Amino acid sequence: MSVSRPSTDTKWQQKDAADQNFDYMFKLLIIGNSSVGKTSFLFRYADDTFTPAFVSTVGIDFKVKTVFRNDKRVKLQIWDTAGQERYRTITTAYYRGAMGFILMYDITNEDSFNAVQDWSTQIKTYSWDNAQVVLVGNKCDREDERVVSIDRGKQLADQLGFPFFETSAKDNINVKSTFETLVDIICEKMSESLDSDPTVVNPTKVTRITERPSQQDGSCNC
Amino acid sequence: MTDRNRKASTNAWICPNDRQLCLRAKLNIGWSYHSDSPRGSGNELAQNEKKQIMQVLQKAENLEKMEQERIGRLVEKLDNMKNHAVGDGERSCILCGVTFSTFGTTPTPCNDCKKGVCSKCGVDTYNSRKQPLWLCKLCSEQRELLKRSGAWFYKSMPSYIMPVKNADNLGSKNIRSVVIAILDLLLCKRKYLNYDVKILLFCYILINIPQTASATSSTSKDNYGTSLTKRPTMQADGSSEDETDTSLSTDSDTDDGSSNDDSIGINDSVKPRPAWASLAHKEHSSNSEISLKKSMDDERNEESSDYSSEVSFSASKVNPKEKAENENEINLAFQEFKPSQADFRSPITENESIDSTGNEGLGSLDFSVLFEPIDFKLHVTIIKAKNLKGMGKHGVDPYVKLQLLPGSSKSNKMRTKQSKTCNPEFNETLTYLGVTKDDIARKTLRVYVMNHDRFSSDTVIGIYNLKLKDIGDVMKRFNDVPLHKISQVLEIHVNSIERGRIEISLKYVTATRTLEVGIIQCIGLKAMDASGYSDPYVKCYLRPDKYKITKQKTSVKRRTLNPKFNAVFKYKYAHSELAGKTLDIQVWDRDIGRKNDFIGGVYLGKDSSGDQLRHWFQTLKTPNAKFTHFHTLTDELRHPAE
């Protein structure tokens, strides 16, 4: 009975529906050198589109996508950062909120691969300790221009302790599985963290603040 | 360098804050990192870049706000659960409060809080290492909150915004609620009404001690930081007097603008308070003994026209600056006070019909609705009702009944538990199964607030109709919806053609070359017997079937319109043979002593259409996979006589 949504549903309701119908919200961040294909990667995943033209990202941008994984609806807020050095102060500010990172290099660009170590240090410096990282070698469709072998990528990923994928945003290779892996390891981390200390935070304590504040002095005229 | 710094920003001279210093130390690149790096024009963002980034940040902020509101709702839900937990966790179940005994209910300690819970209030689950885990519903909900809010990751609760309307309920466990309960009791008992004004006045003052202490002179809404609730504070000065007058004027619906922002604060913060208190409040703020008596006399002896005269007076007094900006809030405020006013009046003018005030005065209801299209479920959570009009001589014993219209009456009614006050809190979720999008587009949810009568049949206090097509598939909360009289609502035509719905699962198993037809349940069958129920059973054929060798039947389920069969019929046929067959599923009403009645049927095969066809092809196309679907029964009977 595939009845289309009644037309009386107003705009905000639809927006609401798209936004609120989920179980968990994960914030992810894509980082890596300029022009490795971060934005293309995100567009391929979120909109399933690809444009070969290179447009440098201004500062920071994000897209939202809800996925169904492990019987849960997970809303992903995926931040796409500018690789250029000049935006670095803006982009690093968003490391703190991110639960997962996609650290990307370009397999046809030696420099971008060499920078992975530095990016990893950046993550360690600015992010939460339990943030999860996936290493991604993008543009694997350009086999003839390859300068970083898949083995070197794997080796580095092992060394850093990250899962590793070679992907292509252009040919849609491994894009989805990269995000799915990241979501899976975050979910895993989540259930682990609850087992180790389920009462790590007590939300009711915070709730108490909603009681009326006491510093207000009485100005009633009775 | 100094020149450049001065140009770049004035902050260049200010020592970096601790966090910056800490981060710089971590980076291991020395203290000169910032000051030596070029801060001049080369690195500055262009105007359009800034604009673009700001847009993104704005977008992110909106998202963040929605997220905070979502977390707020989750926190509220948990708080509500906590507030309704009645047991001590030792001798009685921490949640439902049922007393433990050796032979009756036995306690199982929750793995998290170690308190005893009964088997109904606990959840059996697993941890990440697949070890079994027994949690009370509170701890399970708490874990869920940690996961859903992201607190598990950030190691503390992220900031959130509580739903504004319900902010006051949080602090309900204080003296205020006790006093309010006393007031309610007095109101219910009626007989104290005529003389114990002083007690009420005293009670009222008690209620308002916290508010007056926190009252501010002009700000009606303070936002205490991002993590705090927007909470209107109350004013106890002259302007609130206007409000009280206005609120008493139920006869004029058009004076929306004559209330001011502060009045909303009053309504908000003292909303469970019956109208008596608001009357007392008027006294309290105006400090006038005489006007107390006068208004008491007014209430007792005179007609409602007096109120309208008061309104016109007060309206002129309102400072235009203080006019409310948010009309919705005003409307809410009105809805809240209108019933209470009638509630207040009814005992005094006992024989006076309140028909003149239209729908008002019956009370109001808070509930929420959530439709889950994937599971075909419609959850209706009845939260509470307010200021219900008292019926009968025994006070009120209200409960809430739901009905989906159009539909047969007996099959889709559900009800909550009974309460005993005019302001009952139910917090009960009733779930309709097998609700399709088609239903949502077409049907109306009717909420009856009923009054249980021990000595005669129950009466309807008021009803509220909700067109389901308006709800979408997100949780919708309805606060303070006014109840209507049953006669005033357009009767929805009950569609007698509706025969109900059947949930069928189909699976073709290649290993055994068997088609498995699962008859799971029927929903909302048509009533065939005089009792308003049917005694349904399901028959199944695989046509063409000249000799009826494929006939299979379920057992008969007595006196129900929502039978659960959970029966599986097996047909051993080759995959290629099945393509030409049609599955004929019929629902019958068993009658003893006369012919059984046909309730409805459904055909699945290549000649059927729509969902039936799709379901059939899905099954054949993907063997070894189970497909479950609801089908609407039709009155078509292709092979009638047996």
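Values reported hereafter were calculated over all heavy atoms of this structure, with side chains retained and with hydrogens, waters and symmetry mates removed. Keep in mind that this is a model prediction, so the values were computed, not measured. Every chain is numbered from 1 and lettered A, B, ... according to where its sequence line falls, protein lines coming before strand lines.
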Asker: Return the CD1 to CD distance between A:Ile60 and B:Gln52, rounded to the nearest 0.5 Å.
Answerer: 12.5 Å
Asker: By a 4.5 Å heavy-atom criterion (distance strictly below it), what part of A:Lys27 contacts chain B: side chain, backbone, both, or neither?
Answerer: side chain
Asker: Counting heavy atoms not belonging to A:Gln159, are there more than 12 under 6.0 Å from its CD?
Answerer: yes
Asker: Restricting to non-hydrogen atoms, name the atom on A:Ala98 and the atom on B:Phe153 that form the minimum distance, rounded to 0.1 Å.
Answerer: O-CZ, 3.3 Å
Asker: Can you confirm whether A:Lys72 is buried at NZ, in the sense that more than 12 heavy atoms of other residues, nucleotides or ligands lie under 6.0 Å from that atom?
Answerer: yes
Asker: For A:Gln77, is it the side chain, the backbone, both, or neither that has a heavy atom closer than 4.5 Å to a heavy atom of chain B?
Answerer: side chain
Asker: Which bit of A:Ile186 comes within less than 4.5 Å of chain B, counting heavy atoms only: side chain, backbone, both or neither?
Answerer: both
Asker: Pick one of side chain, backbone, both or neither for B:Glu144, based on which atoms fall under 4.5 Å of a heavy atom in chain A.
Answerer: side chain
Asker: Taking all heavy atoms of A:Met99 and all of B:Gly150, pick out the closest pair and write down the distance.
Answerer: CE-CA, 4.0 Å
Asker: When heavy-atom pairs shorter than 4.5 Å are enumerated against chain A, which of B:Leu57, B:Asn111, B:Asn48 gives the highest number?
Answerer: B:Leu57
Asker: Apply the side-chain contact (heavy atoms from CB on, under 4.5 Å) test between B:Val56 and each candidate in A:Val58, A:Thr57, A:Asp80, A:Asp61; give the one that qualifies.
Answerer: A:Asp61
Asker: May I ask you to name which of B:Gln55, B:Glu69, B:Lys59 has the most heavy-atom pairs under 4.5 Å with chain A?
Answerer: B:Lys59
Asker: Please name the pair of heavy atoms, one in B:Leu63 and one in A:Met25, separated by the smallest distance, quoted to 0.1 Å.
Answerer: CD2-CE, 3.8 Å
Asker: Could you check if a side-chain atom of A:Asn130 sits within less than 4.5 angstrom of a side-chain atom of B:Lys155, using non-hydrogen atoms only?
Answerer: yes
Asker: Would the distance check show the side chain of B:Tyr154 and the main-chain N or O of A:Trp128 forming a donor-acceptor pair, the cut-off being under 3.5 Å?
Answerer: no
Asker: With a 4.5 angstrom heavy-atom cut-off, which part of B:Glu64 approaches chain A: side chain, backbone, both or neither?
Answerer: side chain
Asker: Please check if the number of heavy atoms outside A:Lys65 that lie under 6.0 Å from its NZ is greater than 12.
Answerer: yes
Asker: Considering residues, nucleotides and ligands other than B:Lys467, do more than 12 of their heavy atoms fall under 6.0 Å from its NZ?
Answerer: no
Asker: Let me know if A:Phe68 has heavy atoms under 4.5 Å from chain B in its side chain, its backbone, both or neither.
Answerer: neither
Asker: Between A:Tyr87 and B:Glu49, which heavy-atom pair has the shortest distance, and what is it?
Answerer: OH-OE2, 2.6 Å
Asker: Rounded at 0.5 Å granularity, tell me how far OH in A:Tyr24 sits from CZ in B:Arg148.
Answerer: 6.5 Å
Asker: Heavy-atom count around A:Glu110 CD within 6.0 Å, excluding the residue itself: above 12?
Answerer: yes
